[in-house]
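Below is one structure, written out as structure tokens, with a few remarks after it.
Order of listing sets the numbers, starting from 1, for every ligand and every atom in it.
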Amino acid sequence: MSQTWAQCLKTLKDTIPLSQYSVWVQPLKAIEDGKTLSLLAPTTQVKDYVNKNLKTQIKSAVAQHNKNLQIFIGVAPNINSKPSVNKQHSTPLFEDYTFDNLVLGSANQMAYGATKQIAENIKGSPYNPFIIYGGSGLGKTHLMQAAGHLAKAQNKNLKVLYVPLMDFVRNITSSLRHNTIEDIKAFYQSADLLLVDDIHLIAGKEKSQEEFFHIFNFLFNGKKQIIFTCDQPPKNIKSLEERLKTRFSQGLNLHLTPPELEMRAAILLKKSQNEKININLTEDVALFIAGHITSNVRDLEGALLKLKAFIDFSEMDQPFVSKEVVEAALGDLIKPQIKNIDVNDIQKEVAKHYALTVSDLSSKSRKQHTVLARQVAIYICHELSPLSLNKIGKQFGNRDHSTVIHAIKKIKEKLLENNEIKSDYDLIKLKLANL
Ligand code: ADP
Ligand code: MG
């Protein structure tokens, strides 16, 4: 770490509240080159927050220790992103994604059992292809890779290939340029177990679908096992060739659902003992956190990391983490859920956010910006107000309930694929929570 930054951290720890320090300052990576101190945030959200709220304090701390340094605040290249395609067009399995590291609960019981059975019987499983589908952060990649580890542990000569779908698409694209499509196909066709992550992303990519169809048939006819993950049942994927849909649906399709309360608490307890986290949670406190963070496992991991940062930097010496510490460390994450918010408040906040008026939201305008704001407002009303779809429609210029359903569906999709809309939505909800 940069010497200057190490000194600044001590100063900053005394000058800004600990909860802000641990969440926003501590994750910054510092690189110093004599002229500039570059502070690299793990995400754009952290960068923006630091720039807006903490830059002055940081500047004055740096000036105290080294007057000549310029400060640059940016975003670090994503060090957590999975390794990109290697020369062999596949990605190594992640070490930790094993069955041993998975917590079992009713949400994943069936998928866990089926995956294990397939991995133990790779050459003769009746479940081919096998598709694990469900929302983000629920453990699909982990489960699929656990199959790869187990199959390999049983037979080290087995060729297990793991490929995230977008890497596959990139490989196909580059092979078309270099005229090496046959090599690529031969490579994937040499697998005994092919693991394709996030297959839904193949939607609309015609050339990749065509090549994939041939690879799939080759492996399937050769009785080689294929496992996919997908964010929805494959039969629902739009812009996917019928022949692929049919192939995918003929296999076993299993749904991974969000973990229930006890499973979430068990995951927290297991992960808190991991050497990288290493904090002492009681079951009560784990249940308390699990009661508030209900979305997915990735969010539970995020909460643990935040908690760890808080504990490390507050130099606590109690043997167990208390609920008060959790509240101080996780702040907004564990605020009571906001519900029953008045539609007018939602309309006001959304209109303000998008620099429109409340009446724009109810108007007949079809301008793209207004339509987006209107749909976001309808979506949030559906989520946070007790009103029926019909009544929500009435509040937006007497629109009928099919328009409301359409808006909800649109925003649901956009929240998954568009970070800008997701952060607008998060911000509006944060404001509503603090009304
Ligand atoms: P997905 O592919 O569904 O988006 P991942 O497989 O990447 O989700 O899982 C997200 C994180 O949650 C990973 O770190 C994974 O190890 C962890 N995880 C998911 N399910 C479990 C579980 N049942 N037990 C322990 N960790 C889990
Ligand atoms: Mg995944």
Side-chain angles (χ1 to χ4, degrees), residues 42 78-85 90-116 119 130-150 161-169 194-203 227-234 237 253-279 281 286-287 289-290 293-308 333 415-417 419 422:
N78 189 359
I79 44 161
N80 285 330
S81 66
K82 325 253 145 107
S84 61
V85 191
S90 72
T91 304
L93 298 178
F94 313 131
E95 232 174 79
D96 297 342
Y97 281 17
T98 59
F99 279 108
D100 281 351
N101 287 335
L102 271 176
V103 172
L104 192 54
S106 56
N108 65 354
Q109 199 168 21
M110 204 159 151
Y112 182 104
T115 314
K116 204 161 189 178
F130 174 45
I131 296 166
I132 307 162
Y133 70 90
S136 170
L138 296 180
K140 300 184 298 296
T141 300
H142 190 140
L143 201 51
M144 158 192 262
Q145 294 212 2
H149 282 295
L150 181 58
L161 295 183
Y162 166 76
V163 60
L165 194 277
M166 284 314 291
D167 286 355
F168 177 79
V169 173
L194 179 65
L195 308 170
V196 184
D197 210 356
D198 293 326
I199 190 75
H200 54 276
L201 297 173
I202 205 168
I227 305 182
F228 301 122
T229 66
C230 191
D231 71 347
Q232 56 193 297
I237 304 175
N253 293 207
L254 284 186
H255 190 188
L256 213 53
T257 52
E260 72 286 355
L261 177 72
E262 294 80 357
M263 182 173 166
R264 294 199 299 277
I267 289 173
L268 285 167
L269 287 167
K270 184 166 175 105
K271 295 201 182 273
S272 65
Q273 283 150 21
N274 181 307
E275 58 183 31
K276 287 186 207 139
I277 300 283
N278 197 17
I279 52 180
L281 289 187
L287 278 165
I289 302 172
I293 298 177
T294 56
S295 42
N296 62 47
V297 185
R298 202 170 282 133
D299 288 349
L300 291 173
E301 290 179 337
L304 271 184
L305 228 101
K306 226 169 160 183
L307 189 55
K308 177 185 168 51
L333 283 182
L415 287 177
L416 290 175
E417 60 195 26
N419 288 339
K422 172 83 170 74

Provide the number and element of each atom of ligand 1 under 4.0 Å from a heavy atom of [X].
X      : result
His142 : 6 (O), 15 (C), 16 (O)
Gly135 : 3 (O)
Asn108 : 23 (N)
Glu301 : 11 (C), 12 (O), 13 (C), 14 (O), 15 (C), 16 (O), 17 (C)
Ser136 : 4 (O)
Tyr97  : 7 (O), 13 (C), 14 (O), 16 (O)

Could you tell me whether a side-chain N or O of [X] sits under 3.5 Å from a main-chain N or O of [Y], the two making a donor and an acceptor?
X      : Y      : answer
Asn108 : Val103 : yes
His149 : Thr98  : no
Arg264 : Ile293 : yes

Answer yes or no for [X]: is there a heavy-atom contact with ligand 1 below 4.0 Å?
X      : answer
Asn101 : yes
Met263 : yes
Lys271 : yes
Tyr112 : no
Pro259 : no

Requested in this report: Measure the acute angle between the ring planes of Phe99 and Tyr112, then classify it against the limits of 30° and 60° as parallel, tilted or perpendicular.
Outcome: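 Phe99 and Tyr112: perpendicular rings.
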Query raised in the report: Which of parallel (below 30°), tilted (30 to 60°) and perpendicular (above 60°) describes Phe94 and Tyr162?
Result: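 Judged by the thresholds at 30° and 60°, the geometry between Phe94 and Tyr162 is perpendicular.
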Between atom [atom1] of [X] and atom [atom2] of [Y], what is the distance when rounded to the nearest 0.5 Å?
X      : Y      : atom1 : atom2 : answer
Gln109 : Met263 : CD    : CE    : 9.5 Å
Ile267 : Asn101 : CD1   : CG    : 11.5 Å
Lys276 : Lys271 : NZ    : NZ    : 9.5 Å

Query raised in the report: Given Leu143, Leu102, Asp198, which has its nearest heavy atom closest to atom 21 (C) of ligand 1?
Result: Leu102
**Report entry** Nearest neighbour of atom 19 (C) of ligand 1 from the list Gly139, Pro164, Ala266, Gly302, on a heavy-atom basis
**Finding:**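 Looking at heavy atoms only, the winner is Gly139.
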Does an N or O anywhere in [X] fall below 3.5 Å from an N or O of ligand 1?
X      : value
Arg298 : yes
Leu138 : yes
Val103 : yes

Query - Metal check, the Mg ion (ligand 2) vs Thr229 N/O/S, cut-off below 2.8 Å - result: no
Report task. Would you check if Ile277 and Leu305 make a side-chain contact, meaning some heavy-atom pair closer than 4.5 Å? Result -> yes
Query raised in the report: For the side-chain contact (heavy atoms from CB on, under 4.5 Å) test, which of Thr91, Asp198, Thr229, Leu201 pairs with Pro164?
Result: Thr91
Query - With sequence neighbours excluded, residues passing side-chain hydrogen bond (donor to acceptor under 3.5 Å, both in side chains) with Lys116 - result: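 Checked Lys116 against side-chain hydrogen bond (donor to acceptor under 3.5 Å, both in side chains); zero matches.
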